[in-house]
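Side-chain atoms are counted along with the backbone in the values below, which use heavy atoms only and exclude waters and symmetry mates.
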Amino acid sequence: MSLDVARVRKDFPILDREVRPGVPLVYLDNAATSQKPTQVLDALRDYYELHNANVHRGIHTLAEEATALYEGARDKVAAFVNAADRREIVFTKNSSEALNLLSYVLPLGPGDEVVVTEMEHHSNLVPWQLACTRTGATLKWIGLTDDGRLDLADLDRVVTKRTKVVAFVHQSNLLGTVNPVDVVAAKARSVGAYVVLDASQSVPHMGVDVQALDVDFVAFTGHKMCGPTGIGVLWGRADLLEQLPPFLGGGEMIDEVTMAGSTWAALPHKYEAGTPPIAQAVGLGAAVDYLTDLGMDNVRAHEHELTAYALNALQQVDGLRIIGPTTNDERGGAISFALQGIHPHDVGQLLDERGIAVRVGHHCARPACLRYGVPATTRASVHLYSTTADIDALVTGLDHVRRFFT
Amino acid sequence: MSLDVARVRKDFPILDREVRPGVPLVYLDNAATSQKPTQVLDALRDYYELHNANVHRGIHTLAEEATALYEGARDKVAAFVNAADRREIVFTKNSSEALNLLSYVLPLGPGDEVVVTEMEHHSNLVPWQLACTRTGATLKWIGLTDDGRLDLADLDRVVTKRTKVVAFVHQSNLLGTVNPVDVVAAKARSVGAYVVLDASQSVPHMGVDVQALDVDFVAFTGHKMCGPTGIGVLWGRADLLEQLPPFLGGGEMIDEVTMAGSTWAALPHKYEAGTPPIAQAVGLGAAVDYLTDLGMDNVRAHEHELTAYALNALQQVDGLRIIGPTTNDERGGAISFALQGIHPHDVGQLLDERGIAVRVGHHCARPACLRYGVPATTRASVHLYSTTADIDALVTGLDHVRRFFT
Amino acid sequence: MTDESIYQEIILDHYKHPHHRGLREPFEAEVRHLNPTCGDEITLRVHLTGRTVEDVSYDGEGCSISQASASVMTDLLIGKTVDDALSIHDEFLRLMHSRGELEPDEDVLEDAVAFRGVSRLTARVKCALLAWMAWKDAVSQASGTAGDTGAGATSEGAA
Amino acid sequence: MTDESIYQEIILDHYKHPHHRGLREPFEAEVRHLNPTCGDEITLRVHLTGRTVEDVSYDGEGCSISQASASVMTDLLIGKTVDDALSIHDEFLRLMHSRGELEPDEDVLEDAVAFRGVSRLTARVKCALLAWMAWKDAVSQASGTAGDTGAGATSEGAA
Ligand SMILES: Cc1ncc(COP(=O)(O)O)c(C=O)c1O
Ligand SMILES: Cc1ncc(COP(=O)(O)O)c(C=O)c1O
């Protein structure tokens, strides 16, 4: 069974929008954020119109219902990534908060080392820079090869006995590269380091099984996987999350509070201070249902085919250079490129005049841009509702851009 | 001009709900969270169906529109609390995050003291307990009088030259007490301490002018003021926020990033790492418009009248003891009480059978419960759409509860 | 009171006229469990003779559900062998975690079947379980020291 | 290209055939400004004679908007008194912060009126302003050292 993309597109009202009268939207900015199906928007509205209440400890009917919906969403997310235990799913506001949480609670000190890669999103780089500054630990990184892959030759040099944390991205939002989690994780395990995986760009596009990955922590974010903004997920092994200290303090994360001191609630509440993003969790649950119904293998197969089509078509465009893997193995559907002599701003702006939405800039991965000698790129990225027609529009648009400026 | 409550209620679809067939909802759990008007739900849906994109740095039309909506919401919130500068409005996920942010970035060390009060919500207590544990600072607190007020006789003893932060609640969610901000802030200023105000329960119910308050930081939360879950606000003086270090690292909060180190974006982005709660900010903007149209003075007057009615009616109930001020001066519409010989769980459960939603428990203010010798209370709390009929239903319900258990 | 009410006649009877209430001697283990959310609190003692639950005595404060549950529990467990008592305990836990879906076995649970309605309310399940958790804790301590008399081990736990 | 396009003929002309490009001597101040988001970068020199802007020379990389804006700016400012140049600068800033609402004064801004469309696009306003911010920075440094010749003060700034 494969994806019926025409039917899928009917679920996404925004895809019918015209950017300007007569100019339909061609949305190729999915690595920045995905669009939302009606099923998710209905779940949000239903929540607010029928069940809205603060969760936990409330005993009236609305509070019972809201709690059941919120905790039900946790069950759905746990099943989606095959967590061994629902308590391992912590709701945060986005991926960035999940990664920062780890950067605050994992034990680090002078002499310790944290290893990242040169292709990290700023959200999995800056928190570790800040943590190293706070604790006196040292930041190291694995470099990149010319064709957009991790330079695994660096691995043994960079990861040593002093390494306490290895944090890296599953699928790069700039290059599209899918990293060999097993190789990096095995090396990290061999030195006893915690393994943190930034799965912000993988969970929305492929089936991710957190147990099979053999890592300690995984972060991902609702808005990139057809869910609402304002919600992210930290998955972590229960035994580790149980040992680690709390991050944010407040309502719901406590067991017993006196003025003199407090004790912490059991997982996952220990890491969920204050009123959580209740409606957003419910919306994310609906998104997970939606993706599960379609089948993540189907989503992945569709995007894989589309990426092949796009890589091929883009390489026909005169003066276009792809930044990242040019072959379709171990890569996802985010494709960055440079157009000879034309600034990405101008590429993006002219494409927008034709309704084509791509992203231009450093995509919060400036070190990787510097590595490839470009201050910025143009990036087109697909999702489950993208079509070859979208790619054709892009390629025609790029030809137009080239003619316009020469 | 006063509030046309009948018309207001039409804007809140959930108020028409029946909890069980034939049992209409009587919602008196507003201190936990407020309900949402159609105007807010429409703003959310419009955002997702027409304009959804990631904000900032995107140059395509959707990104421009989403950014304009998101930053427009900031302008609305800034105007709502009369901030001197829109850059002083930082969007967080809730009040708790705003308060935790401060507990991480305000400079503290051994010998320093943090002062809170015995009526704090756990979200303005536990973060400071954690900060003291991290930094070696000492936590002190201002006690309470028997009638539910701050014991200002404590002020000069507790706030000293060693005090670096004074953090306190504007309106107590347990007791309903409105604290004399001017008196506490003046004392804090006299020793050069930062002044942090937890306005989670005041901003939704009265006009709050952050400049007039003469404090340094104010935290409040969207879901209690007719806005969505998943969004809160930290207001802070621009000069202070500029000096303080960052809290969460990641996308959007940086200026220039290299592997070796990074510099921070200008306010407010410095404190907004990662994809912000975009739709939720837009929804909060719509909530603020809604409240502004009604007029916060009208909202306050309505609730003040209703609180007088409720205080009077509740005191007629046999065996009922109010925990908190029994007079209607300097208090809001959250009323906690104990019913002689009947556990709050039983009160709450039996009221729920009649459709009446109140909250029972320690309301995340356990130290204040202990202070008044009750492990838990029943709390009824009103909002702009509450009516005397709601209070009447509560009082009749309480009579029923008493008869049921005696 | 509706048909769906959790306040079944049986529960109210036990609440208003609790059985086996009060702390008694002898006992091999005493525990104190509390639910800090609502202040429910129980102190509970277990007295074993060989492998028989000779006595379960308790004192504490709490809502009608937690009080009635303690009373019902002592009726069920006193006089049973530890093994039988443990399997009743397990059956009650199963019921309370069933969200109202399980048809309880009246032969095993007797009056405790009245708690079926409570199992639909996640916020109240803890109340119904407070005494049972305390008993389980106490009995496992007492089993270690079974046969001793007088003041046994005392422990504190939070539910 | 639509009517609403920001790529007005004037802007394209300046982009393809920039005026006064290249770094020249003499100068009293040289600055380097950059926009790290997109890598736009400009090095700009100012030469003053008394209170007259004798020369503005520049080099750099960037999108058509930032390049054309630099070219248009030099046409407008070279030969003006510092005071007149500053008021043109202010007028251009006002236009760029108007979100497309302001009817620009063609007598003052000449070719720069073509940037009105850019002012509707918050993400691109920075591009159009890069050269102007650099010039303002350079001229305030040069005013401090005006009259000196040869290599003047050099500074770096981020836009
Ligand atoms: C006084 C007070 N402070 C802080 C909070 C925490 O707000 P939130 O749960 O939205 O973070 C609340 C509400 O729960 C409150 O009533
Ligand atoms: C690889 C990667 N990591 C982390 C993030 C941060 O996600 P968020 O902005 O939702 O926190 C993103 C997306 O922006 C990303 O693409």
Portion of [X] that has a non-hydrogen atom of chain A nearer than 4.5 angstrom:
X: B:Leu125; value: side chain
X: B:Pro245; value: neither
X: B:Ile59; value: both
X: B:Val55; value: backbone
X: B:Leu62; value: side chain
X: B:His363; value: neither
X: B:Asn52; value: both
X: B:Ser34; value: backbone
X: B:Ser200; value: neither
X: B:Glu118; value: both
X: B:Gln35; value: both

If you count heavy-atom pairs under 4.5 Å between each of [options] and chain A, which one has the most?
options: B:Val19, B:Ile231, B:Leu50, B:Ile356; value: B:Leu50
options: B:Cys132, B:Ala53, B:Ser123; value: B:Ser123
options: B:Thr275, B:Thr133, B:Leu130, B:Ile278; value: B:Thr275
options: B:Lys93, B:Met259, B:Glu49, B:Met253; value: B:Met259
options: B:His121, B:His51, B:Gln280, B:Lys36; value: B:Gln280

So, for [X] and [Y], which heavy atoms are closest and what is the spacing to 0.1 Å?
X: A:Pro13; Y: A:Thr38; result: CD-OG1, 3.6 Å
X: B:Gln39; Y: B:Ala286; result: O-CB, 4.1 Å
X: B:Gly230; Y: B:Pro277; result: O-CB, 3.4 Å

Pair A:Tyr104 + B:Phe247: ring centers closer than 6.0 Å: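 Aromatic pair counts; centres sit under 6.0 Å.
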Could you check whether any side-chain heavy atom of [X] comes within less than 4.5 Å of a side-chain heavy atom of [Y], counting everything from C-beta outward?
X: B:Ser103; Y: B:Arg134; value: yes
X: B:Ile254; Y: B:Trp264; value: yes
X: B:Asn54; Y: A:Arg359; value: yes
X: B:Glu64; Y: B:Thr61; value: no

**Asked** Looking at B:Val358, B:Thr33, B:Ile14, which one forms a side-chain contact (heavy atoms from CB on, under 4.5 Å) with B:Tyr27?
**Response**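 With B:Tyr27 as partner, B:Val358, B:Thr33, B:Ile14 yield a single side-chain contact (heavy atoms from CB on, under 4.5 Å), made by B:Thr33.
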| Among A:Leu28, A:Asn30, A:Asn173, side-chain contact (heavy atoms from CB on, under 4.5 Å) partner for A:Ser381 |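 Output: one option passes, namely A:Asn30.
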Among [options], single out the residue with the greatest number of heavy-atom pairs under 4.5 Å to chain B.
options: A:Ala63, A:Gly361, A:Pro127, A:Cys364; result: A:Pro127
options: A:Gly355, A:Gly58, A:Ala365; result: A:Gly58
options: A:His122, A:Lys224, A:His345, A:Glu65; result: A:His122
options: A:Val126, A:Thr92, A:Thr229; result: A:Thr229

Could you tell me whether the side chain of [X] and the main chain of [Y] form a donor-acceptor pair under 3.5 Å?
X: B:Asn100; Y: A:Gly249; value: yes
X: A:Arg20; Y: A:Glu353; value: yes
X: B:Glu272; Y: B:Phe91; value: yes

Check whether [X] gets within reach of chain B through its side chain, its backbone, both or neither, counting any heavy atom under 4.5 Å.
X: A:Leu25; value: side chain
X: A:Leu248; value: both
X: A:Leu44; value: side chain
X: A:Asp42; value: both
X: A:Thr117; value: backbone
X: A:Phe12; value: neither
X: A:Val116; value: side chain
X: A:Leu41; value: both

Can A:Tyr271 and A:Val105 be said to form a side chain to side chain contact (heavy atoms under 4.5 Å, CB included), step by step?
CA-CA 11 Å; A:Tyr271 287 111; A:Val105 304; 4.3 Å; yes
Set out, in order, the CA-CA distance, both residues' side-chain angles and the distance that settles salt bridge (charged side-chain N to carboxylate O under 4.0 Å, His left out) for A:Arg366 and B:Asp255, then state yes or no.
CA-CA 11 Å; A:Arg366 191 163 176 268; B:Asp255 183 23; over 6 Å; no
### Query
Given B:Val26 and B:Leu394, is the side chain to side chain contact (heavy atoms under 4.5 Å, CB included) satisfied, shown in steps?
CA-CA 8 Å; B:Val26 175; B:Leu394 171 66; over 6 Å; no
